[in-house]
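What follows is one structure encoded as structure tokens, with my remarks underneath.
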There are 2 protein chains.
Amino acid sequence: MKVINILLAEDQTMLLNALATILDLEDNINVVASCANGKQALSFIQENPALKIDIVLTDIEMPDMTGLDLAHHLHQDNFAGKIIILTTFARSGYLRRAMDSGVTGYLLKDSPSQELINAIAKVHQGERVIAPELMVNAWMEQDPLSEKERQALRLAKDGLSTDDIAQKLFLSSGTVRNYLSSAANKLNAKNRVEAARIAHQNGWL
Amino acid sequence: MKVINILLAEDQTMLLNALATILDLEDNINVVASCANGKQALSFIQENPALKIDIVLTDIEMPDMTGLDLAHHLHQDNFAGKIIILTTFARSGYLRRAMDSGVTGYLLKDSPSQELINAIAKVHQGERVIAPELMVNAWMEQDPLSEKERQALRLAKDGLSTDDIAQKLFLSSGTVRNYLSSAANKLNAKNRVEAARIAHQNGWL
DNA sequence: TTGAAAAAGTGACATTTGTCATCTCATATT
DNA sequence: AATATGAGATGACAAATGTCACTTTTTCAA
């Protein structure tokens, strides 16, 4: 029987350990590395070019380097294996970015662990596996925000004042207000706070 | 050897399944039930009074009923077993409420799975186990918010306007502004958004 | 190099939010 | 009955935010 070599990247140690254990219980799966973030995973892969890694299974939101950034880097390096994203969030923006980075599997942490095991087998055989929750509104509308609007929203989300945001972004406060106003407009929000919430929920921040 | 009977409550199915699997691998641990939220767990316990459950291991933030509410109910019902909280967040407000509900273990999902297994053994022997990250600022300052301030902040966090909040709480908009103002004051925040963020981070919402 | 587009800034005004002193009214206290 | 006490309301003002038309500056391709 062919063994599938897997690298894990997940910042929640409890889940990382638990996943490593249950995957290793499968006799056609071999966990070759457990990493706490994208940077660790990327380093490991680059420093062990001889090691055959069939699948990288990674979370998205992690410190140092996110799973999306990891996928992006691997894609550019022509990484030979497949990439599966395992995340809490059914955000269409995340899925889009994942697809753009050549990801072939996107599962939610809400699904049963057996589904992960099935997905690993399918992806290894060359299939795509996308959690059904995402297919629904996946191609809804894409991120309407400009980069500056995104940056301003990100700061506004934490309650920074217009002036504080202006300082951080090296912009005039008037410009910041313009950006936030247009962002709220694009997202049909009544104010910057609601706009930030909507953008965040869609994976646009 | 004495077997420890455990009930799990965790809304993230992947983690729930994985934890159930690795705990069942331990030969002195028996997972008697896996529940998706506090309500399910409470029902199961109430409907199976004959079943001996030594430990309830529960997440906090879950739909329908949180782990803190579950602990509160069990405490009032004089539940015979121990309760261990397993959560992502090191929020002092959560810990305080947990302690008030007779919880004897509080672990973070950031810690390795082996630590959970150790904690289960210790708690079963009557010890308390609190994640060290919590001890640091645990008794810092307690929740300074009034109930109305809390409610107002919760709504303000999502970007509701003063008037919207007033409607939902059946208060005049002036009163809402007073509450939000005094909340921001208590939390040393510059505005309602920052106040909501601080309160949320401390587990006060 | 020039001229259209994009990015950033300005100014004016309306609306919302923050602050605070004060008022009302129902509920306890004695 | 007299009086505290606290939740909620009000009004006035300051400050921040939202909106929009318009100007200036930068960028970059023809």
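Chain A is the first sequence line, chain B the second, and so forth, proteins listed ahead of strands; every chain is numbered from 1.
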> More than 12 non-hydrogen atoms from neighbouring residues, nucleotides or ligands closer than 6.0 Å to NE2 on B:His72, yes or no?
Replying inline: no
>> Output the rounded distance in Å from CG (B:Asn191) to C1' (C:dT16).
In response: 13 Å
> Which letter, B, S or -, goes with each nucleotide of nucleotides 19-28 of chain C from 5' to 3', with contact meaning a protein heavy atom under 4.0 Å?
Replying inline: BB--------
> Do any of residues 147-173 of chain A sit with a heavy atom less than 4.0 Å from DNA chain C, and if so which?
Replying inline: A:Lys148, A:Leu171, A:Ser172
> Can you pull the contact range of chain A along DNA chain D, 5' to 3', using atoms under 4.0 angstrom from its heavy atoms?
Replying inline: D:dT17 to D:dC20
> Which pairs pass salt bridge (Lys or Arg N to Asp or Glu O under 4.0 Å) with one or both residues in residues 52-73 of chain A, sequence neighbours excluded?
Replying inline: A:Lys52-A:Asp54, A:Asp59-A:Lys109, A:Glu61-A:Arg91
> Would A:Asp143 and A:Arg150 pass as an ion pair if we require N to O under 4.0 Å?
Replying inline: yes
>> Show me the pairs that pass salt bridge (Lys or Arg N to Asp or Glu O under 4.0 Å) and involve residues 11-23 of chain B, at least two apart or across chains.
In response: none
> Looking only at atom types and distance, does a side-chain atom of A:Asn191 sit under 3.5 Å from a main-chain N or O of A:Val193, one as donor and one as acceptor?
Replying inline: yes
> Between B:Leu70 and B:Ala41, which heavy-atom pair has the shortest distance, and what is it?
Replying inline: CD2-CB, 3.9 Å
>> Quick check for you: to the nearest 0.5 Å, what is the distance between B:Leu7 atom CG and B:Cys35 atom SG?
In response: 4.5 Å
>> Please check: side-chain N/O of A:Thr13 versus main-chain N/O of B:Asp110, any donor-acceptor pairing under 3.5 Å?
In response: yes
> By salt bridge (charged side-chain N to carboxylate O under 4.0 Å, His left out), which residues pair with A:Lys190, not counting sequence neighbours?
Replying inline: B:Asp164
> Could you go step by step and tell me if B:Asp163 and B:Gln167 meet the side chain to side chain donor-acceptor pair (under 3.5 Å) rule?
Replying inline: CA-CA 6 Å; B:Asp163 288 342; B:Gln167 275 218 312; over 6 Å; no
